[in-house]
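One structure is given below, encoded as structure tokens.
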Amino acid sequence: LMEHSTENKSRNETFMAKFANIYTPIVVISAALLAVIPPLLSGDFISNFPDWFSRALTFLVISCPCALVISIPMSFFGGLGASSKIGVLIKGSNYLENLAHLKTLVFDKTGTLTEGVFEVTALHPTQIEEDRLLHLASHVERFSSHPIAESLRAAYRKESDACSIANMVEKAGYGIQAEVNGQIVAVGNTKFMDKLDVNWKSCKKVGTIIHVAIDGIYAGHIVISDRIKPDTKDALSQLRKQGVEQFIMLTGDHEKVAERVAEELELDAYKASLLPADKVSEVEFYLSQKSLGSQLGFVGDGINDAPVLARADVGIVMGGLGSDAAIEAADVVIMDDNLSKIAQAMVIAKKTIRIANENAVFSIGTKLLVLLLASFGIANMWLAIFADVGVTVIAVLNSMRTLKV
């Protein structure tokens, strides 16, 4: 990721590349004109030319844009390196720049705000025994890597029985259906039950409700609970201090579960029971509402978050829990799944932007001043060398401050 990070340039770096393409031929032509036109206008070209030629050379040395085209990319490269030191991999300078202007953060719930470690807390069968309800659900979810599937398998330890499982079909955002010992067993959310025309029953307990149907007949539901990460509240507080104004949660989980998490974390808004495509639509809505110059980030971890991560201004993924697809789609990878690292990365990003701007102002200001002096013959070649090499060295040393975390 770090090897390819320079492929995505920041706006400052892109501007400097374009600036150099236009600036360089202009100053070369200007130096040539400065050497020729004043002696011609003076009426004594031969005697005046050496003086104006010397001024033109001084002008040319001063105008060399080394300080700008070296120090600004170096500032961003230093910022990327500093971020990697704290365990945050940023895939390009443009994403580092976007981090500095984050105003809205949209979160997935499971594995991002919560631990993603589910536990079966209740079994509510209708026509079968509790053990059989859990038995069928865990077998249908046997080959899924979803945290809910893992919790069902953890609750039912007898996976090595002689049951036959065939014709497994997973419906993204709905659930899984499989043939267990000749019976068609469907395990999923209420949308899945509605799609199968199964009359499901609601549950008063707060948690993720997993409904089970056998041969099209409702068999009961299982309540699974997740816990909010211990550091989530502190991380959100740090992000607010860094200027993030709005926190939004988008989840495919049940409305009551989403409401409880949103209230506990004091989020600004939330949407529940969303499919992956719904999350993209919601993010596009918030993108259309953001103010000019502000950036929107999405934080997730699952394979179903990949489209949203790609759509946001800054896609941030939990690198430990995150799926390969999510990590591939994201712009920023947090290697230890610690949300507070986003705030630290924002501090580094703001520092990087500040140092890059300092270099630009110092370099351009010094060069303009010495160019003006050179035009009147006040600045000599030694001062010109300082304006070129000296300013470059100072700007590069200033850029190296971005490496310090």
Side-chain angles (χ1 to χ4, degrees), residues 1 4-5 7-8 88-92 94-99 101-114 116 143-150 169-176 188-192 195 208 226 244 246-255 257-258 261-262 267-290 294-335 337 339 342 345:
L1 292 177
H4 294 292
S5 63
E7 291 179 5
N8 296 304
V88 179
L89 301 184
I90 302 174
K91 295 185 181 180
N94 53 337
Y95 306 123
L96 184 72
E97 193 170 30
N98 288 346
L99 270 177
H101 302 103
L102 274 183
K103 295 297 179 185
T104 302
L105 265 178
V106 183
F107 298 90
D108 174 47
K109 181 183 74 67
T110 306
T112 304
L113 297 174
T114 64
F143 302 108
S144 174
S145 60
H146 195 281
I148 288 177
E150 291 174 1
V169 179
E170 183 168 357
K171 306 286 185 182
Y174 290 89
I176 300 178
N189 55 24
T190 54
K191 290 181 180 179
F192 197 25
K195 196 172 183 179
T208 302
D226 192 8
V244 180
Q246 192 176 28
F247 294 128
I248 302 158
M249 181 178 70
L250 303 179
T251 178
D253 214 334
H254 193 269
E255 176 75 23
V257 178
V261 172
L267 303 179
D268 299 293
Y270 75 91
K271 288 290 180 69
S273 303
L274 299 176
L275 297 175
D278 298 329
K279 288 184 179 182
V280 175
S281 299
E282 290 293 331
V283 165
E284 287 179 341
F285 169 76
Y286 286 112
L287 283 169
S288 67
Q289 299 297 309
K290 69 176 185 176
S294 65
Q295 300 293 324
L296 178 144
F298 180 85
V299 190
D301 69 303
I303 190 170
N304 59 330
D305 295 326
V308 205
L309 288 164
R311 182 65 185 87
D313 293 323
V314 187
I316 305 169
V317 70
M318 302 287 116
L321 287 170
S323 68
D324 290 346
I327 291 171
E328 179 70 23
D331 309 312
V332 179
V333 183
I334 303 173
M335 297 309 297
D337 299 336
L339 273 179
I342 302 174

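How far CD1 of Ile334 is from CG of Leu89: 10.0 Å, rounded to the nearest 0.5 Å. Distance OH/Tyr286 to OG1/Thr104: 9.0 Å, rounded to 0.5 Å. Taken from CD in Glu97 to CD in Gln295, the straight-line distance is 8.5 Å, to the nearest 0.5 Å. Atom OG1 of Thr251 sits about 6.0 Å away from atom CG of Asp108, to the nearest 0.5 Å. Separation of atoms CZ (Arg311) and CG (Leu296) is listed at 9.5 Å; rounding is to 0.5 Å. Taking CG of Asn189 as the reference point, atom CG of Asp253 lies at 9.5 Å (rounded to 0.5 Å).
The minimum heavy-atom distance between Met318 and Gly111, with the atom names listed, is CG-O, 3.8 Å. Among all heavy-atom pairs drawn from Gly300 and Leu309, the shortest one is N-CD2, 4.1 Å. Contact detail for Met249 and Ala258: the closest heavy-atom pair is CE-O, 3.3 Å. The shortest non-hydrogen separation linking Gly297 to Ala312 is C-CB, 4.4 Å. Between Asp301 and Ala326, the closest heavy-atom pair is O-CB, 3.6 Å. Among all heavy-atom pairs drawn from Gly319 and Val333, the shortest one is CA-CG1, 3.7 Å.
A salt bridge is absent between Asp278 and Lys271; no separation between the charged side-chain nitrogens and carboxylate oxygens falls under 4.0 Å. Salt bridge absent: Lys91 and Asp331 never bring a charged side-chain N and a carboxylate O closer than 4.0 Å.
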Side chain to side chain contact (heavy atoms under 4.5 Å, CB included) evaluation trace for Leu274 with Glu282: CA-CA 9 Å; Leu274 299 176; Glu282 290 293 331; 4.2 Å; yes

Chi angles and distances behind the side chain to side chain contact (heavy atoms under 4.5 Å, CB included) call for Asp313, Lys290: CA-CA 11 Å; Asp313 293 323; Lys290 69 176 185 176; 2.4 Å; yes

Pair Lys279-Asp305, side chain to side chain contact (heavy atoms under 4.5 Å, CB included): steps then yes or no: CA-CA 8 Å; Lys279 288 184 179 182; Asp305 295 326; 3.1 Å; yes

Side chain to side chain contact (heavy atoms under 4.5 Å, CB included) between Tyr174 and Leu275, worked out: CA-CA 8 Å; Tyr174 290 89; Leu275 297 175; 3.7 Å; yes

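Counting heavy atoms from C-beta outward, Val317 and Val332 have side chains that stay 4.5 Å or more apart. Residues Asp226 and Thr110 form a side-chain contact, since some pair of their non-hydrogen atoms from C-beta on lies under 4.5 Å apart. The side-chain heavy atoms of Leu339 and Val299, taken from C-beta on, include a pair separated by under 4.5 Å. Taking the side chain as every heavy atom from C-beta outward, Tyr270 and Ile248 never approach each other to under 4.5 Å. Taking 4.5 Å as the limit, some side-chain heavy atom of Val88 sits within range of a side-chain heavy atom of Ile90.
Residue Lys191 places its NZ atom among more than 12 non-hydrogen atoms of other residues, nucleotides or ligands, all under 6.0 Å distant. Atom CD of Glu284 is surrounded by more than 12 heavy atoms from other residues, nucleotides or ligands within 6.0 Å.
For Asn98 (side chain) and Val314 (main-chain N/O), no donor-acceptor pair under 3.5 Å exists by modelled atom type. Looking only at distances, a side-chain donor or acceptor of Thr114 sits under 3.5 Å from a matching main-chain atom of Lys109.
Stacking of Lys171 on the aromatic ring of Phe192 is not recorded, the 6.0 Å distance cut-off and the 45° axial limit not both being met.
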